[in-house]
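To start, the structure itself, in structure tokens.
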Amino acid sequence: NAGVMQNPRHLVRRRGQEARLRCSPMKGHSHVYWYRQLPEEGLKFMVYLQKENIIDESGMPKERFSAEFPKEGPSILRIQQVVRGDSAAYFCASSPLGLANEKLFFGSGTQLSVL
Amino acid sequence: KNEVEQSPQNLTAQEGEFITINCSYSVGISALHWLQQHPGGGIVSLFMLSSGKKKHGRLIATINIQEKHSSLHITASHPRDSAVYICAPMGGNQFYFGTGTSLTVIP
């Protein structure tokens with residue numbers, strides 16, 4: 001049973017390009033969470049999704065950022081027109097039963113670097 | 001003011017020492033996770049607590065919901081325990097994260 005898979009592991013983009021980050025949750029998990037870790041800062045919640053639904057996006061910047069978790073395939077975090085301040089590590093986590101579950105499983109993260 | 005305060009921010013210990021990391025939070029929560037982040041970034045959830053105390057191997061976590069405080073203890077510390085430990089209280093649909101305690105255990 002593979003863990004939470006994130007890809008790519010490292011992503012380099014120039015300012016103005018689009019970044020697509022993928023997260024495949026553990027098998028049987030239908031709850032996905034995205035977090036961002038800025039350099040020298042702690043983790044920050046971005047968005048909580050279940051299959052085909054956004055449950056809580058209160059941590060998402062209002063512009064340029066979007067997330068989806070389709071019925072089939074991985075969850076995607078999309079950043080349009082990236083800026084240098086978007087450079088960060090983006091982590092996703094999954095659980096089978098939402099946050100009430102005992103364990104939350106994290107991916108290894110995607111390190112986004114904006115040149 | 002941060003919702004979550006961890007102390008100490010940095011900790012260096014000799015192998016075998018007993019280690020305590022403290023976490024205080026100001027938000028109302030239903031539970032709290034302790035996370036471990038190794039160099040290279042991987043994050044592992046060590047515990048989820050809603051009351052009392054939990055033990056897993058050499059790790060012990062306690063929480064006092066009324067006092068809004070949690071502690072993570074490591075007994076007989078080992079160099080492989082070197083990592084960043086993050087307190088993550090959980091309220092509603094989201095976590096509030098501490099900035100972490102960077103632990104280095106010296107052989």
Side-chain angles (χ1 to χ4, degrees), chain A residues 2-11 21 23 26 29 31-50 53-60 67 87-113, chain B residues 1-10 21 23-57 59 61 63 83-103:
Chain A
V4 178
M5 304 298 293
Q6 285 188 251
N7 67 81
R9 190 80 172 87
H10 299 277
L11 181 61
L21 288 63
C23 169
M26 287 185 71
H29 289 194
H31 299 252
V32 166
Y33 312 84
W34 284 94
Y35 301 94
R36 176 165 66 172
Q37 188 173 39
L38 292 165
E40 307 300 322
E41 292 188 22
L43 288 159
K44 299 286 185 192
F45 167 79
M46 297 184 76
V47 63
Y48 164 33
L49 309 110
Q50 291 183 33
N53 287 304
I54 297 173
I55 306 302
D56 183 343
E57 57 181 348
S58 58
M60 287 273 274
S87 296
Y90 292 82
F91 290 93
C92 101
S94 75
S95 70
L97 295 173
L99 289 182
N101 193 51
E102 180 72 16
K103 285 280 193 180
L104 196 61
F105 295 86
F106 284 82
S108 298
T110 293
Q111 181 64 52
L112 172 64
S113 298
Chain B
K1 184 182 184 302
N2 293 331
E3 292 103 345
V4 185
E5 299 282 350
Q6 277 186 243
S7 63
Q9 284 191 307
N10 297 284
I21 299 170
C23 173
S24 296
Y25 53 90
S26 57
V27 293
I29 67 166
S30 53
L32 180 146
H33 279 250
W34 278 99
L35 309 176
Q36 181 191 54
Q37 185 172 24
H38 276 282
I43 297 173
V44 174
S45 173
L46 299 172
F47 293 103
M48 188 188 86
L49 293 159
S50 52
S51 65
K53 175 178 166 179
K54 284 192 177 178
K55 185 175 188 294
H56 181 68
L59 301 177
I63 189 169
V84 175
Y85 292 84
I86 301 168
C87 168
M90 193 171 81
N93 287 322
Q94 62 175 285
F95 287 109
Y96 302 88
F97 294 96
T99 52
T101 294
S102 179
L103 171 65

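Residue numbering restarts at 1 for every chain, and letters A, B, ... go by the order of the sequence lines. In this text the structure is predicted, and so the values were computed from the model without any measurement.
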Identify which part of Q111(A) has an atom lying under 4.5 Å from any heavy atom of chain B, answering side chain, backbone, both or neither. neither
Q9(B) atom CD: more than 12 heavy-atom contacts under 6.0 Å: no
What option among L35(B), I43(B), V84(B), T99(B) has the most heavy-atom pairs under 4.5 Å with chain A? I43(B)
In short, F45(A) meets F97(B) closest at the heavy-atom pair N-CE1, 4.1 Å
